[in-house]
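Read the structure below first, then the notes.
Quick caveat, the model's predicted, so the values are computed rather than measured. For ligands, and for the atoms within them, numbers begin at 1 and follow the listed sequence.
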Amino acid sequence: MYSDCIFCKIAQGEVSSEIEYEDGEIKAFKDIRPSAPVHILVIPKEHVESIAYLQENHSDMIAKLIYRAKQIAAEKGLKGYKLVFNVGREGGQVIDHLHLHLLGGWGREDNPDEYRV
Ligand code: 5GP
Ligand code: ZN
């Protein structure tokens, strides 16, 4: 727990969020400034700054983040979606606590080029 980290505070429930899922290791909550109709962040409760700081023993945690995002997407009936890790400032990362973006809900099967990264 890093006292100056907003996502550590969200993980501990010290800052409120719209929770989608929580267990002992992971929390998922709605992004406060959504970039898609469905925009959920999945985070480990452990403070890891980014993918760039991953250690080998984090592989299980990363798999759980991805699995949880997939489960939430399925529960919400998303047929397609994006899973994104921004890494570092040059990669668009603003919050230095690892988080997986789940983005979807556009409902545009006909023209995926419109929102392809
Ligand atoms: P990044 O650019 O670091 O990959 O993404 C950080 C995301 O966290 C952004 O999409 C931003 O809207 C979201 N965010 C920042 N502060 C808060 C907050 O206090 N609560 C929630 N729910 N989302 C936040
Ligand atoms: Zn943190």
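Of all protein atoms, those of element N, O or S that lie under 2.8 Å from the Zn ion (ligand 2) number 4.
For Ile95, heavy-atom contacts with ligand 1 shorter than 4.0 Å involve the backbone as well as the side chain. Heavy atoms of Ile6 found under 4.0 angstrom from ligand 1 belong exclusively to the side chain.
Looking at Phe29 next to ligand 1, no N or O pair under 3.5 Å apart turns up. Between Asn86 and ligand 1, at least one N/O pair is under 3.5 Å apart. The shortest N or O to N or O distance between His39 and ligand 1 is not below 3.5 Å. Checking only distances, Ile10 never comes within under 3.5 Å of ligand 1, N or O to N or O. Of the N or O atoms in Gln93, none lie within a sub-3.5 Å distance of an N or O in ligand 1.
Taking a 4.5 Å side-chain heavy-atom cut-off between Ile, Leu, Val, Met, Phe, Trp and Tyr, the cluster of Ile32 contains only that residue. Clustering of Ile, Leu, Val, Met, Phe, Trp and Tyr by side-chain heavy atoms under 4.5 Å joins Leu102 with Tyr21, Ile26, Val38, Ile40, Val42, Val48, Ile51, Tyr53, Leu54, Met61, Ile62, Leu65, Ile66, Ile72, Leu78, Tyr81, Leu83, Phe85, Val87, Leu98, Leu100. Other members of the cluster containing Val94 do not exist, because no ILVMFWY side chain is joined to it at under 4.5 Å.
Looking at atom 10 (O) of ligand 1, its nearest protein heavy atom turns out to be Asp31 OD2, 2.5 Å. The protein non-hydrogen atom at the shortest distance from atom 4 (O) of ligand 1 is His99 NE2, 2.6 Å. Regarding atom 22 (N) of ligand 1, its nearest protein heavy-atom neighbour is Lys30 O, 2.9 Å. The closest protein non-hydrogen atom to atom 3 (O) of ligand 1 is Val94 N, 2.7 Å. Looking only at heavy atoms of the protein, atom 17 (C) of ligand 1 is closest to Ile32 CG2, 3.7 Å.
A salt bridge does not link Lys45 with Glu25: every distance from a Lys NZ or Arg NE/NH1/NH2 to an Asp or Glu carboxylate oxygen is 4.0 Å or more. Look at Lys30 and Glu18 and you find a salt bridge, because one of the NZ, NE, NH1 or NH2 atoms lies within 4.0 Å of a carboxylate O, short of that distance. Salt bridge Lys76/Glu20: present, at least one basic N to carboxylate O contact under 4.0 Å.
Ligand 1 is approached by Gly92 to a heavy-atom distance shorter than 4.0 Å. The shortest heavy-atom distance from Phe7 to ligand 1 is under 4.0 Å. Not a single heavy atom of Asp96 lies less than 4.0 angstrom from ligand 1. Assignment of Glu18 to the shell around ligand 1 is not supported, since no heavy atom sits closer than 4.0 Å.
In this structure, CD1 on Ile95 lies 7.5 Å from SG on Cys5, to the nearest 0.5 angstrom. The CZ atom of Phe7 lies 6.5 Å from the CD1 atom of Ile43; values are rounded to the nearest 0.5 Å. The NZ atom of Lys82 sits 12.0 Å away from atom OG of Ser35, with the distance rounded to the nearest 0.5 Å. Asp31 CG to His101 NE2: the interatomic distance, rounded to the nearest 0.5 Å, is 6.5 Å. Distance check, rounded to the nearest 0.5 Å: NZ of Lys27 to CD of Gln12 gives 8.0 Å.
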Verdict with reasoning, Asp96 to Arg89, per salt bridge (Lys or Arg N to Asp or Glu O under 4.0 Å): CA-CA 9 Å; Asp96 292 330; Arg89 294 290 174 271; 2.9 Å; yes
Trace of the side chain to side chain contact (heavy atoms under 4.5 Å, CB included) decision for Lys64 with Tyr67: CA-CA 5 Å; Lys64 286 178 180 171; Tyr67 177 78; 5.5 Å; no
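The closest side-chain donor-acceptor pair between Gln93 and His99, if any, does not fall under 3.5 angstrom.
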